[in-house]
Amino acid sequence: MTTIPLAEDLGRARTAADFAAVIALLETDLNDAIARKQELEQAEDRAIFGDGDLAEVRAALARTNAAIALIEKTIEAGGKRRAAAAQSEARADIVALGDEIKSKAASLGERWRIVHRLIEQLRQELFEADALNRAITTANGLFDAAGIADLKINLTTTRRAAMAAPRAAVPARLSRPAIQADKLLLSFLSPGGVLDPRPALGAPVNGVKSKFIPLPSERG
């Protein structure tokens, strides 16, 4: 049994994993030494009654006890160094995480700036679309009054056709505020949403007259 090479390995260890590997080998040596001590104690008992050299057995037992004490001391020191290494590595991981989060925070800020720009662009487009919508609504009224309804523009059909493009897939994980914001944005695109109110009961939809028949109390 030799403990010096393992002690040297312990001195060269730098990471918590390195220390753990050397300590495991030291614990194996310790178990071997303890088993050797038990054998020597039995030999000592026999030598006391004349079966063996008592002085030689006791000398070997003393050496084994010294070796056990040395290994235990080395394991204790290695355990302290392993704990220190693990703590240092944990701090390093936290520092690395801090750097990563700073980078993500910068990206988040840039994303929010893009969102702000797009929202402002969306507002401007909505303003322009509303102005065109009001102009066409006014013209449709004039066409009706002039008896040339075939010149009218179906605003609902125009809007729905323009908003029929594919939509982005929703991520598997999305926060509650993001889900609510997504629903709000989709309400601008979906039939029956904020830009697509339901037509009045009995009103034609896409040129098809409703079969709704009002109740007698509603006929006036």
Side-chain angles (χ1 to χ4, degrees), residues 1-119 166-186:
M1 177 187 62
T2 305
T3 60
I4 294 178
L6 292 179
E8 291 175 350
D9 290 342
L10 198 62
R12 288 192 294 268
R14 292 295 178 267
T15 68
D18 292 340
F19 286 114
V22 178
I23 289 172
L25 295 176
L26 286 168
E27 288 175 343
T28 299
D29 279 356
L30 179 61
N31 291 333
D32 292 343
I34 291 174
R36 175 61 176 162
K37 176 182 178 181
Q38 292 173 347
E39 294 173 356
L40 289 172
E41 287 175 342
Q42 294 173 359
E44 181 184 29
D45 291 340
R46 292 193 299 270
I48 290 175
F49 294 100
D51 183 10
D53 188 330
L54 181 59
E56 182 179 344
V57 171
R58 284 181 172 174
L61 184 58
R63 290 194 299 271
T64 302
N65 284 332
I68 290 174
L70 178 60
I71 296 174
E72 289 177 338
K73 183 177 180 180
T74 305
I75 290 175
E76 181 181 2
K80 291 179 180 179
R81 294 185 63 186
R82 178 178 61 179
Q87 186 177 13
S88 177
E89 290 167 8
R91 284 197 300 267
D93 290 342
I94 292 174
V95 170
L97 178 61
D99 293 338
E100 179 184 351
I101 293 303
K102 286 181 181 178
S103 176
K104 288 184 176 181
S107 297
L108 177 62
E110 180 59 27
R111 292 288 182 180
W112 283 128
R113 282 189 287 273
I114 293 173
V115 169
H116 177 270
R117 184 177 69 250
L118 292 176
I119 289 175
R167 299 176 184 177
V170 179
R173 298 182 62 183
L174 202 62
S175 67
R176 184 180 298 275
I179 292 174
Q180 293 174 344
D182 184 54
K183 288 182 178 179
L184 176 61
L185 291 174
L186 288 177

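Residue numbers count from 1 along this sequence.
Atom CD of residue Q38 and atom OG1 of residue T64 lie 11.5 Å apart, to the nearest 0.5 angstrom. Between the CD1 atom of I34 and the CG atom of N65 there is a distance of 10.5 Å, given to the nearest 0.5 Å. Here the NZ-CZ distance, from K37 to R63, works out to 15.0 Å after rounding to the nearest 0.5 Å. I75 CD1 to L30 CG: the interatomic distance, rounded to the nearest 0.5 Å, is 5.0 Å. Going from atom CG of L184 over to atom CD1 of I179 covers 14.0 Å, rounded to the nearest 0.5 Å. Interatomic distance, CD of E76 versus CG of L26, reported as 13.0 Å (0.5 Å rounding).
The minimum heavy-atom distance linking A16 with A85 is given by the pair N-CB, 3.7 Å. The nearest pair of heavy atoms linking A47 to L54 is CB-CA, 3.6 Å. Shortest non-hydrogen contact noted between I23 and G79 is CD1-N, 3.6 Å.
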CA sep, side-chain torsions, deciding dist, call: L25, D29, side-chain contact (heavy atoms from CB on, under 4.5 Å): CA-CA 6 Å; L25 295 176; D29 279 356; 6.0 Å; no
Verify side-chain contact (heavy atoms from CB on, under 4.5 Å) between R46 and V57, making sure each step is shown before the conclusion. CA-CA 10 Å; R46 292 193 299 270; V57 171; over 6 Å; no
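Other residues, nucleotides and ligands contribute at most 12 non-hydrogen atoms within 6.0 Å of the CD atom of E56.
The side-chain contact (heavy atoms from CB on, under 4.5 Å) test applied to T15 returns A17, D18, E89, not counting sequence neighbours. Every residue two or more places apart in sequence or in another chain that forms a salt bridge (charged side-chain N to carboxylate O under 4.0 Å, His left out) with E39 is listed here: R36. In terms of the side chain to side chain donor-acceptor pair (under 3.5 Å) criterion, residue partners of R58 (sequence neighbours excluded) are, by chain and number, E44. Applying the side-chain contact (heavy atoms from CB on, under 4.5 Å) test to S175 and every residue at least two apart in sequence or in another chain returns P177, A178. The side-chain contact (heavy atoms from CB on, under 4.5 Å) search around L108 returns W112, not counting sequence neighbours. Checked against side-chain contact (heavy atoms from CB on, under 4.5 Å), N31 has no partners two or more places apart in sequence or in another chain.
Within the structure, salt bridge (Lys or Arg N to Asp or Glu O under 4.0 Å) contacts touching residues 104-114 (residues at least two apart or in different chains) are E100-K104, E110-R113.
The one candidate from K80, R14, R82 that meets the side chain to side chain contact (heavy atoms under 4.5 Å, CB included) condition with F19 is R82.
Here the side chain of S103 pairs no donor or acceptor atom with the backbone of D99 at under 3.5 angstrom. Of the possible donor and acceptor atoms, none in the side chain of S88 sits under 3.5 Å from a partner among the backbone N and O of A84.
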